[in-house]
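Quick notes on the structure that follows.
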Amino acid sequence: MRNPGNGTATVATLVLLLTVLISTAAESRVVLESRGPRHHRSPSSYEIVLEGGLVQPAGDLGDDYFSTLTGFDAGTGYQVGARIRQFVGEDFSVAPSFHWTSFGAADGAGDFGTGELLGYRLETSVIRYGLDLQMYLGEPGGGARPFVTGGLALMHNRYRDELEGGGSYETSINTPGVSLGGGLRLGNLELAGEYTWNRFTTGNLDADGFDQDYNWDYLVVRVGVALGR
């Protein structure tokens, strides 16, 4: 049979231990805050940033599918991603990053040489594997800090279509890309706008197999949340 006295002693010990831990954590927080904002203590500091936003095709990706050689009627889509940011000094950071971008799909019906209208769907997306740099402006420790961001990346461009009665077709093309943008950091929250240059030449997307130059540039507006270090 369980001894009530032992239970009371255990609870008292746990309460005492928790009180000590909370007191120690509070003292540590005061010391850390006296040294300045956590996200500017470096070079050992790092953080994981989760991001998401809206993306708009800025090249010929959004052009008409039937009247142009390189358009796919792509619309506004979304982007989700993450980065691991390493601070180097108070005003500079470097971060490997991964982002998935999905443009708005095109659905419709068209004449593909059969003499009748057939339903179709076009899907375009990009996986970006990047290495990004950020430079913060203004004084550390303020309520908000503007920043400039840019980076190099491997762009994995993906295409998929479906045709009524004709099955589907998928292909992908890899190419280097460059991104440049700016934003504002408010504590652990970030707001940013970024333009990405994403251009390549391929015959995989032409009905006759001829090489064409494609411009899949895009503009993204996103929100990021930086998790602790």
Side-chain angles (χ1 to χ4, degrees), residues 51-83 97-132 148-183 190-224:
E51 300 174 320
L54 296 178
V55 62
Q56 177 67 34
D60 51 34
L61 182 61
D63 291 345
D64 184 73
Y65 177 61
F66 290 100
S67 62
T68 67
L69 293 175
T70 56
F72 294 102
D73 282 326
T76 301
Y78 65 90
Q79 181 185 89
V80 293
R83 66 182 71 241
S97 61
F98 171 86
H99 291 88
W100 164 269
T101 300
S102 179
F103 300 101
D107 291 287
D111 184 355
F112 293 87
T114 62
E116 59 180 332
L117 294 179
L118 300 176
Y120 69 90
R121 180 179 176 85
L122 310 176
E123 299 175 353
T124 50
S125 60
V126 179
I127 300 176
R128 180 184 184 275
Y129 305 92
L131 181 64
D132 300 323
V148 177
T149 182
L152 301 175
L154 171 66
M155 315 296 291
H156 182 61
N157 300 287
R158 297 158 52 93
Y159 170 85
R160 183 178 188 276
D161 67 35
E162 295 180 8
L163 180 63
E164 182 182 353
S168 63
Y169 170 74
E170 297 183 39
T171 189
S172 61
I173 307 96
N174 295 324
T175 190
V178 178
S179 298
L180 183 64
E190 295 183 2
L191 306 175
E194 186 177 70
Y195 189 94
T196 296
W197 285 265
N198 177 24
R199 305 177 185 189
F200 55 90
T201 300
T202 184
N204 293 0
L205 301 176
D206 184 79
D208 298 315
F210 295 118
D211 281 348
Q212 303 289 348
D213 295 328
Y214 293 89
N215 179 341
W216 281 24
D217 291 4
Y218 59 84
L219 176 67
V220 60
V221 177
R222 62 174 177 248
V223 177

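Numbering starts at 1 and runs along the sequence shown.
- Counting heavy atoms from C-beta on, the side chains of T101 and V220 never come closer than 4.5 Å.
- Annotation: ring pair (Phe, Tyr, Trp, His ring centres under 6.0 Å) contacts of F210 (sequence neighbours excluded): none.
- Annotation for P57 and G75: closest pair CD-O, 3.5 Å, computed over non-hydrogen atoms.
- Looking at D60, its side chain does come within 3.5 Å of a backbone N or O of N215 through a donor-acceptor pair.
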(message) Before you tell me yes or no, could you show the steps for Q212 and T70 under side-chain hydrogen bond (donor to acceptor under 3.5 Å, both in side chains), namely the whole-Å CA-CA distance, both residues' side-chain angles and the distance that decides it to 0.1 Å?
(response) CA-CA 7 Å; Q212 303 289 348; T70 56; over 6 Å; no
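- With sequence neighbours excluded, no residue satisfies salt bridge (Lys or Arg N to Asp or Glu O under 4.0 Å) with E164.
- Checked against ring pair (Phe, Tyr, Trp, His ring centres under 6.0 Å), Y169 has no partners two or more places apart in sequence or in another chain.
- The two residues S125 and S102 have their closest heavy-atom pair at CB-CA, 4.1 Å.
- L54 is linked by a side chain to side chain contact (heavy atoms under 4.5 Å, CB included) to nothing, counting only residues two or more places apart in sequence or in another chain.
- For R158, there are no salt bridge (Lys or Arg N to Asp or Glu O under 4.0 Å) partners two or more places apart in sequence or in a different chain.
- The two atoms that bring A105 and E123 nearest to each other are CB-CG, 4.1 Å, heavy atoms only.
- Remark: D213 engages T201 in a side-chain hydrogen bond (donor to acceptor under 3.5 Å, both in side chains) (not counting sequence neighbours).
- In this structure, E51 and G224 approach most closely via the heavy-atom pair CG-CA, 3.9 Å.
- No donor-acceptor distance shorter than 3.5 angstrom exists from the side chain of N198 to the backbone of G177, with no hydrogens or angles considered.
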(message) L191 vs V223, test: side chain to side chain contact (heavy atoms under 4.5 Å, CB included). Steps then yes/no.
(response) CA-CA 5 Å; L191 306 175; V223 177; 3.7 Å; yes
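- The backbone N or O of A58 sits nowhere less than 3.5 Å from a side-chain atom of D217 that would complete a donor-acceptor pair.
- Heavy atoms only, all atoms of each residue included: A153 and G130 are closest at CB-CA, 3.7 Å.
- Closest approach of S172 and H156 over heavy atoms only: OG-CE1, 3.4 Å.
- Shown here are the side-chain hydrogen bond (donor to acceptor under 3.5 Å, both in side chains) partners of S97, two or more places apart in sequence or in another chain: R128, D132.
- Here L180 contributes atom CG and T149 contributes atom OG1; the two are 8.0 Å apart, rounded to the nearest 0.5 Å.
- Centroid-to-centroid, the aromatic rings of W197 and Y195 come within less than 6.0 Å.
- The list of salt bridge (charged side-chain N to carboxylate O under 4.0 Å, His left out) pairs with a residue in residues 165-182, not counting sequence neighbours, reads R160-E170.
- Taking 4.5 Å as the limit, every side-chain heavy atom of T202 sits out of range of all side-chain heavy atoms of N157.
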(request) Please lay out, stage by stage, how W216 and T175 fare under the test side chain to side chain contact (heavy atoms under 4.5 Å, CB included). (result) CA-CA 11 Å; W216 281 24; T175 190; over 6 Å; no
(message) side chain to side chain contact (heavy atoms under 4.5 Å, CB included) for Y78 and F103? Distances and angles first, verdict last.
(response) CA-CA 7 Å; Y78 65 90; F103 300 101; over 6 Å; no
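- Using cut-offs of 30° and 60° for the angle between ring planes, the Y214 and F200 rings count as parallel.
- Residues forming a side-chain hydrogen bond (donor to acceptor under 3.5 Å, both in side chains) with R222 (at least two apart in sequence, or on another chain): Q79, E194.
- Considering only heavy atoms from C-beta on, Y120 stays 4.5 Å or farther from D161 through its side chain.
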(message) Applying side chain to side chain contact (heavy atoms under 4.5 Å, CB included) to M155 and T196, what does each step give before you reach the verdict?
(response) CA-CA 10 Å; M155 315 296 291; T196 296; 3.7 Å; yes
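- Contacts of Y159 classified as ring pair (Phe, Tyr, Trp, His ring centres under 6.0 Å), with partners at least two apart in sequence or in another chain: F72.
- With sequence neighbours excluded, the residues satisfying side-chain hydrogen bond (donor to acceptor under 3.5 Å, both in side chains) with S67 are D64.
- Sorted by first and then second residue, the salt bridge (charged side-chain N to carboxylate O under 4.0 Å, His left out) pairs involving residues 97-110 (not counting sequence neighbours) are D107-R121.
- Side-chain contact check for V126 versus W100: every heavy-atom pair is 4.5 Å or farther apart.
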